[in-house]
Amino acid sequence: MRLADYTTLGLGGPPRGFVRAESEEDLIEAVWAADGGGEPILILGGGSNLVVADRGFDGTVIQVATKGIDWDPGERLLTVAAGEDWDTVVAWTIAEGLSGLECLSGIPGLAGATPIQNVGAYGQEVAETVTTVRTYDRVTGQISIIPNGRCGFGYRTSVFKRDDARRHVVLSVTFQLAVQPNSAPVRYAELAAALGVALGDQVASTTVRSAVIELRRGKGMVIDAADPDTRSVGSFFVNPVLDGAALAAVETAARARCGEGARVPRFDAGDGLVKVPAAWLIERAGFGRGYTLGNGARISSKHTLALVNSGSATTAGLIALARQVRDGVRDAFGVSLAPEPVLVGVTL
Ligand SMILES: Cc1cc2nc3c(=O)[nH]c(=O)nc-3n(C[C@H](O)[C@H](O)[C@H](O)COP(=O)(O)OP(=O)(O)OC[C@H]3O[C@@H](n4cnc5c(N)ncnc54)[C@H](O)[C@@H]3O)c2cc1C
């Protein structure tokens with residue numbers, strides 16, 4: 001077997017071992033047995049945020065396939081097993097008249113992975129609704145219930161992602177949702193424009209879901225076997241968060257490169273910091289949509305931030321492209337782009 005068959009990029013060599021865990025007991029047992037034998041493990045969800053080396057994974061891959069959705073109307077708490085398909089969960093909440101996840105429609109992968117990088121899109125992120133994450137703690141061998149405040153959520157990160165030792169295996173995630181047919185206030189300008197509403201307005205969650213999925217499709221951000229631009233991990237780089245001095249340096253470089261009128265787009269990131277779209281930097285550094293090194297890896301034709309396996313790529317080729325883009329942006333603007341996906345057996 002090859003992990004290419006389990007990743008949305010369609011890349012990755014063979015693992016030494018592979019276990020599919022359909023119950024929580026099986027999942028814990030598989031992790032416990034591997035840890036006891038000193039066997040490295042890779043927890044696999046939907047494989048939509050993984051870049052796996054061509055030589056594969058020198059250890060056991062444990063695929064999470066647990067199921068279960070539980071709604072507690074009294075506390076407004078939704079508890080979802082790690083192996084549930086994320087978009088199915090979002091659709092279920094909207095059908096049940098629950099709001100809080102609607103902008104996260106169309107994101108691939110499984111529910112258990114959503115706290116790992118604090119999944120977010122169109123003005124919402126799971127950090128806003130997660131109350132607790134229930135995990136198997138590989139250090140203590142116990143089940144641990146981690147409240148939101150201890151998840152260390154940040155922009156596309158959490159304690160789970162920062163921990164290189166991967167201490168916690170997520171078993172289930174609990175979200176607190178609002179009981180209402182309308183969405184949370186729309187906070188993303190592009191979404192508000194697509195809906196024809198003002199920022200802060202609330203509209204039917206079903207309408208928000210349709211609009212989000214349509215916007216995502218236009219960018220190749222909804223998995224579609226018929227659309228080769230979706231053979232990716234979504235955004236390959238996170239948008240850099242800059243302080244005033246770094247932003248000033250980018251502005252100077254942008255004027256020198258693109259003319260005096262060049263204005264660097266930015267979004268407030270709190271604490272005097274701004275988030276600058278990585279796609280803008282990549283394009284201005286000379287890497288447009290469709291750019292390729294001719295090795296089967298290319299930039300998506302729909303979204304500059306997505307690196308795509310056009311069918312014949314290798315992981316090495318994709319990483320070579322990512323390096324060239326990262327180095328080009330650093331040379332042009334002095335900004336070091338960081339990868340968003342989890343790299344397994346490869347580095348940038
Ligand atoms: C087309 C496309 C669009 C995307 N759009 C977005 C977007 O809008 N916003 C966004 O935030 N992300 C986006 N992503 C990235 C990705 O979908 C999310 O990060 C998703 O949550 C990953 O889920 P997964 O189940 O596929 O995780 P995987 O890729 O299988 O794993 C990712 C990491 O999480 C770990 N992991 C997975 N499950 C568990 C578990 N139960 N316990 C412990 N660790 C676990 C893995 O070991 C790995 O380190 C997109 C990806 C694609 C391909």
Side-chain angles (χ1 to χ4, degrees), residues 3 6-12 21 24 27-28 30-31 40-52 57 59-66 80-87 89-90 103-127 133-138 144 146 153 155-173 188 191 212-213 215-217 219-225 227-236 238-239 300 302-303 305-309 339-345:
L3 288 169
Y6 296 86
T7 60
T8 52
L9 266 172
L11 295 175
E24 220 170 85
L27 177 57
I28 293 171
V31 174
I41 61 166
L42 170 64
I43 302 292
L44 175 70
S48 63
N49 215 24
L50 280 174
V51 182
V52 181
F57 179 66
T60 295
V61 168
I62 301 173
Q63 185 187 37
V64 182
T66 54
V80 185
E84 286 285 349
D85 174 69
W86 175 249
D87 193 48
V89 172
V90 175
C103 294
L104 305 176
S105 294
I107 298 180
L110 306 185
T114 58
I116 307 289
Q117 74 155 4
N118 180 19
V119 156
Y122 295 97
Q124 247 171 25
E125 52 185 24
V126 293
V133 178
R134 202 166 130 269
T135 72
Y136 169 68
D137 181 335
R138 296 170 64 197
S144 177
I146 305 175
F153 287 129
Y155 165 55
R156 294 300 162 275
T157 192
S158 71
V159 286
F160 312 111
K161 188 165 181 182
R162 287 189 291 270
D163 173 20
D164 289 334
R166 297 279 183 246
R167 172 173 178 169
H168 291 281
V169 177
V170 175
L171 302 174
S172 63
V173 188
Y188 201 81
L191 177 60
V212 164
I213 290 179
L215 284 171
R216 295 183 66 92
R217 260 191 218 292
K219 299 175 187 174
M221 287 291 167
V222 178
I223 297 290
D224 178 352
D227 180 354
D229 275 322
T230 70
R231 210 180 291 125
S232 77
V233 284
S235 301
F236 195 91
V238 288
N239 294 319
S300 161
K302 299 191 180 72
H303 190 28
L305 213 41
L307 303 189
V308 168
N309 168 14
E340 184 184 297
V342 174
L343 308 183
V344 178

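Numbering of ligands and ligand atoms starts at 1, following listing order.
Looking at atom 39 (C) of ligand 1, its nearest protein heavy atom turns out to be I43 CG2, 3.6 Å. Of all protein heavy atoms, the one closest to atom 21 (O) of ligand 1 is V119 CG2, 3.2 Å.
Comparing G47, G220, S105 against atom 28 (P) of ligand 1, the shortest heavy-atom distance belongs to G47.
Every atom of ligand 1 is numbered from 1 in the order shown, and the set under 4.0 Å from a heavy atom of R216 is 3 (C), 4 (C), 5 (N), 6 (C), 7 (C), 8 (O). Numbered from 1 in the order shown, with element, the atoms of ligand 1 that lie under 4.0 Å from a heavy atom of H168 read 43 (C). The contact set between ligand 1 and I107, taken as ligand atoms under 4.0 Å from a residue heavy atom, comprises 6 (C), 7 (C), 8 (O), 9 (N), 13 (C), 17 (O). Atoms of ligand 1 found under 4.0 Å from any heavy atom of V169 (numbered from 1 in listed order, with element): 42 (N), 43 (C). For ligand 1, the atoms closer than 4.0 angstrom to any heavy atom of G109 are 23 (O), 24 (P), 25 (O), 26 (O).
Residue contacts with ligand 1, taken as heavy atom pairs separated by less than 4.0 Å, involve R166 solely via side-chain atoms from C-beta onward. Both the backbone and the side chain of M221 come within 4.0 Å of ligand 1, judged by heavy-atom distances. At a heavy-atom distance under 4.0 Å, no atom of T7 approaches ligand 1. When non-hydrogen atoms are compared, ligand 1 lies under 4.0 Å from the side chain of T8 (C-beta onward) but not from its backbone. Using a 4.0 Å cut-off between heavy atoms, V170 contacts ligand 1 through both its backbone and its side chain.
Ligand 1 has no nitrogen or oxygen under 3.5 angstrom from a nitrogen or oxygen of V342. At least one N or O atom of P108 sits closer than 3.5 Å to an N or O atom of ligand 1. Residue T230 has no nitrogen or oxygen atom sitting less than 3.5 Å from a nitrogen or oxygen atom of ligand 1, judged on distance alone. Considering backbone and side-chain N/O of I223, none are found under 3.5 Å from N/O of ligand 1. The N/O atoms of T114, backbone and side chain alike, include none that comes under 3.5 Å of an N/O atom in ligand 1. At a 3.5 angstrom cut-off on N or O pairs, N49 counts as close to ligand 1. Below 3.5 Å of separation, one finds no N or O of L42 facing any N or O of ligand 1.
Within the structure, ligand 1 lacks E125 among the residues with a heavy atom less than 4.0 angstrom away.
Counting only heavy atoms from C-beta outward, the side chains of T114 and W86 approach each other to under 4.5 Å. When side chains are defined from C-beta on, R231 does not count as touching L11, because their heavy atoms never get closer than 4.5 Å. Using a 4.5 Å cut-off on side-chain heavy atoms (C-beta onward), N239 and L305 make contact.
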